[in-house]
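FYI, side chains are in, hydrogens and waters are out, and symmetry mates aren't considered; it's all heavy atoms of this structure.
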Amino acid sequence: MSGSLLVVEALTHRYGERTALDNVSFQVGKGEIFGLLGPNGGGKTTLFRILCTLMQPTGGRALMDGGPIDRHRIGVVFQSPGLDKKLTVLENLRHQGHLYGLSGSSLAARMMELLRRFGVSDRANELVEKLSGGLRRRVELAKGLLHRPELLLLDEPSTGLDPLARRELSDYLETLRKNDGVTVVLTTHLMEEADRCDRLALLDRGRLVALDRPGALKEQVGGDVISISAGEPEQLREKIQKRFGVQPTVVDHTLRIERPRAHEFIPDLVEAFPGAIDSVSVGKPTLEDVFIHLTGHRLGVDEP
């Protein structure tokens with residue numbers, strides 16, 4: 001990719017006998033909002049820690065502008081809160097600025113600029129412990145951006161946020177990209193958050209199973225998705241396969257069929273097996289469906 005800011009080449013990491021990352025490679029373009037999507041234990045956290053320079057990989061490398069990742073050029077917002085609750089908003093930002101060699105009037109101006117941008121300037125002198133989860137997340141973002149990083153790394157940024165705060169966070173990231181040219185890499189397991197990324201890397205069992213735009217990933221699913229609840233899903237799966245020549249799959253005791261124009265197929269399906277089907281639903285493919293299509297299990301299933 002021309003204009004790539006971040007390049008990950010054959011990244012591999014092992015914890016003893018367990019392989020957490022298995023030969024993962026991808027590139028992130030400048031100004032892109034790039035998502036890492038996968039279940040807990042799928043490799044997201046290990047990859048994030050390597051990109052943050054908190055650990056060295058067993059093999060492969062991660063490059064920024066062709067060289068090692070420079071800690072002064074990245075901003076990091078971890079999933080776990082990184083603010084001191086007993087300090088005020090300004091005190092938290094001031095200490096962060098000192099870590100990066102910022103001080104005086106330039107630091108003060110930068111702090112107020114970010115607090116105004118994220119709508120918390122009126123809470124500057126309040127203790128962090130008095131802020132809501134959404135407001136704390138805004139301060140976390142301001143803290144991560146204080147030193148004007150080129151690359152912002154976010155680990156599950158919507159954790160603990162209500163739907164409105166999640167949408168606001170997405171708007172903030174879009175503003176950062178447009179106004180400041182900041183490149184964003186985030187980990188997530190939330191479909192709504194993943195859908196707003198420019199591109200997604202799907203990780204499962206430490207491997208990269210897909211990489212593309214959210215819309216293009218959904219196109220990999222063969223049509224609509226039919227979900228069927230039944231008392232004996234395995235038996236019904238065999239009967240449907242024999243009767244209609246389709247290949248249903250069973251995921252968490254639910255039958256799934258991928259089929260174009262599914263609404264036309266459902267009446268025939270229900271009529272063919274009266275009493276065997278408890279409920280049936282149909283919908284357009286989601287990223288969850290893409291993940292099931294590629295891996296055979298849901299995103300919510302933790303890997304060992």
Side-chain angles (χ1 to χ4, degrees), residues 5-6 30-35 45 48-49 51-55 64 69-188 190 193 196:
L5 178 67
L6 179 67
K30 293 180 179 179
E32 187 173 20
I33 298 178
F34 187 91
T45 299
F48 187 84
R49 289 175 64 85
L51 296 181
C52 293
T53 73
L54 293 176
M55 58 191 298
M64 186 174 177
I69 295 178
D70 185 348
R71 294 182 182 180
H72 291 276
R73 298 174 63 194
I74 65 173
V76 183
V77 178
F78 294 100
Q79 180 178 0
S80 300
L83 300 173
D84 190 323
K85 295 181 182 180
K86 298 301 181 182
L87 298 180
T88 67
V89 170
L90 277 180
E91 287 169 341
N92 270 278
L93 295 186
R94 187 176 296 112
H95 286 306
Q96 178 75 0
H98 292 165
L99 292 175
Y100 284 92
L102 305 176
S103 62
S105 59
S106 60
L107 173 58
R110 178 61 175 167
M111 289 192 299
M112 292 312 299
E113 174 193 348
L114 289 171
L115 292 181
R116 282 193 295 269
R117 174 180 296 184
F118 291 112
V120 287
S121 58
D122 59 330
R123 317 299 280 273
N125 293 306
E126 286 191 29
L127 295 177
V128 167
E129 65 183 1
K130 295 183 178 181
L131 302 181
S132 66
L135 291 178
R136 291 183 190 180
R137 213 57 176 159
R138 297 187 197 183
V139 178
E140 293 265 16
L141 280 170
K143 180 181 173 183
L145 292 166
L146 198 60
H147 59 293
R148 303 181 189 276
E150 299 169 52
L151 174 63
L152 181 62
L153 303 172
L154 306 173
D155 189 16
E156 301 285 357
S158 292
T159 297
L161 299 185
D162 59 39
L164 176 60
R166 289 176 186 172
R167 288 193 293 272
E168 289 178 346
L169 173 61
S170 178
D171 293 339
Y172 294 146
L173 296 182
E174 187 63 34
T175 299
L176 284 174
R177 183 247 293 275
K178 288 182 177 179
N179 295 349
D180 300 85
V182 175
T183 301
V184 178
V185 175
L186 60 88
T187 72
T188 187
L190 300 174
E193 191 166 52
R196 293 193 177 108

Which atom names give the shortest non-hydrogen contact between Glu193 and Ser158, and what distance separates them? OE2-OG, 2.6 Å
State, with a plain yes or no, whether a side-chain heavy atom of Glu174 is found less than 4.5 Å away from one of Arg196. no
So how far is it from Leu54 CG to Phe78 CZ, rounded to the nearest 0.5 Å? 5.0 Å
Atom pair CG/OG1 of Leu176 and Thr183 - distance to nearest 0.5 Å: 10.5 Å
Report yes if the side chains of Gln96 and Leu102 come closer than 4.5 Å at any heavy-atom pair, otherwise no. no
Would you say the side-chain atoms of Arg138 pair up with the backbone N or O of Phe118, donor to acceptor, closer than 3.5 Å? yes
Smallest heavy-atom separation, Leu93 atom then Leu146 atom, equals O-CD2, 3.1 Å
Measure the spacing between NE2 of His95 and CG of Leu90 and express it to the nearest 0.5 Å. 11.0 Å
Does Thr187 reach the main-chain N or O of Asp155 with its side chain, forming a donor-acceptor pair under 3.5 Å? no
Can you name the nearest heavy-atom pair linking Leu114 to Ala142, along with the distance? CD1-O, 3.3 Å
Taking every non-hydrogen atom, the tightest pair across Ile33 and Leu186: CG2-CD2, 4.3 Å
Do Val128 and Leu87 touch side chain to side chain, with heavy atoms closer than 4.5 Å? no
Student check: side-chain heavy atoms of Phe48 and Val185 closer than 4.5 Å: no
Test: ring pair (Phe, Tyr, Trp, His ring centres under 6.0 Å). Region: residues 140-162. Which pairs qualify, not counting sequence neighbours? Tyr100-His147
Arg177/Val184 under side-chain contact (heavy atoms from CB on, under 4.5 Å): CA gap, chis, key distance, verdict: CA-CA 8 Å; Arg177 183 247 293 275; Val184 178; 5.8 Å; no
Under 3.5 Å donor-acceptor, Arg116 side chain and Ser121 backbone: no
Would you please test Ile69 and Leu151 for side-chain contact (heavy atoms from CB on, under 4.5 Å) and show each step? CA-CA 10 Å; Ile69 295 178; Leu151 174 63; 5.5 Å; no
Please report the closest heavy-atom contact between Cys52 and Leu153, naming both atoms and the distance. SG-CD1, 3.7 Å
Any chance you could measure Met64, atom CE, to Leu51, atom CG, to the nearest 0.5 Å? 10.5 Å
For atom CZ of Arg71, is the number of surrounding heavy atoms from other residues, nucleotides or ligands below 6.0 Å larger than 12? no
Between Arg137 (side chain) and Arg166 (backbone), is there a donor-acceptor pair under 3.5 Å? no
Donor-acceptor pair, Glu126 side chain versus Val89 backbone, under 3.5 Å? no
Salt bridge present between Lys143 and Glu140 (N-O < 4.0 angstrom): no
Among Lys85, Lys86, Arg123, Arg136, which residue satisfies the salt bridge (charged side-chain N to carboxylate O under 4.0 Å, His left out) criterion with Glu129? Lys86
If you round to the nearest 0.5 Å, how far is CD of Glu156 from CG of Leu154? 10.5 Å
Out of the candidates Lys30, His72, Arg73, only one should pair with Glu150 under the side chain to side chain donor-acceptor pair (under 3.5 Å) rule; please name it. Arg73
If you look at every heavy atom in Pro149 and Gly144, which pair is closest and at what distance? CG-O, 3.5 Å
I would like to know whether Leu5 and Phe34 meet side-chain contact (heavy atoms from CB on, under 4.5 Å); could you show each step before the answer? CA-CA 12 Å; Leu5 178 67; Phe34 187 91; over 6 Å; no
Distance in Å, Met111 CE paired with Ser106 OG, rounded so as to fall on 0.5 Å steps: 9.5 Å
Using a strict 4.0 Å threshold on nitrogen-to-oxygen distance, state whether Arg94 and Glu91 make a salt bridge. no
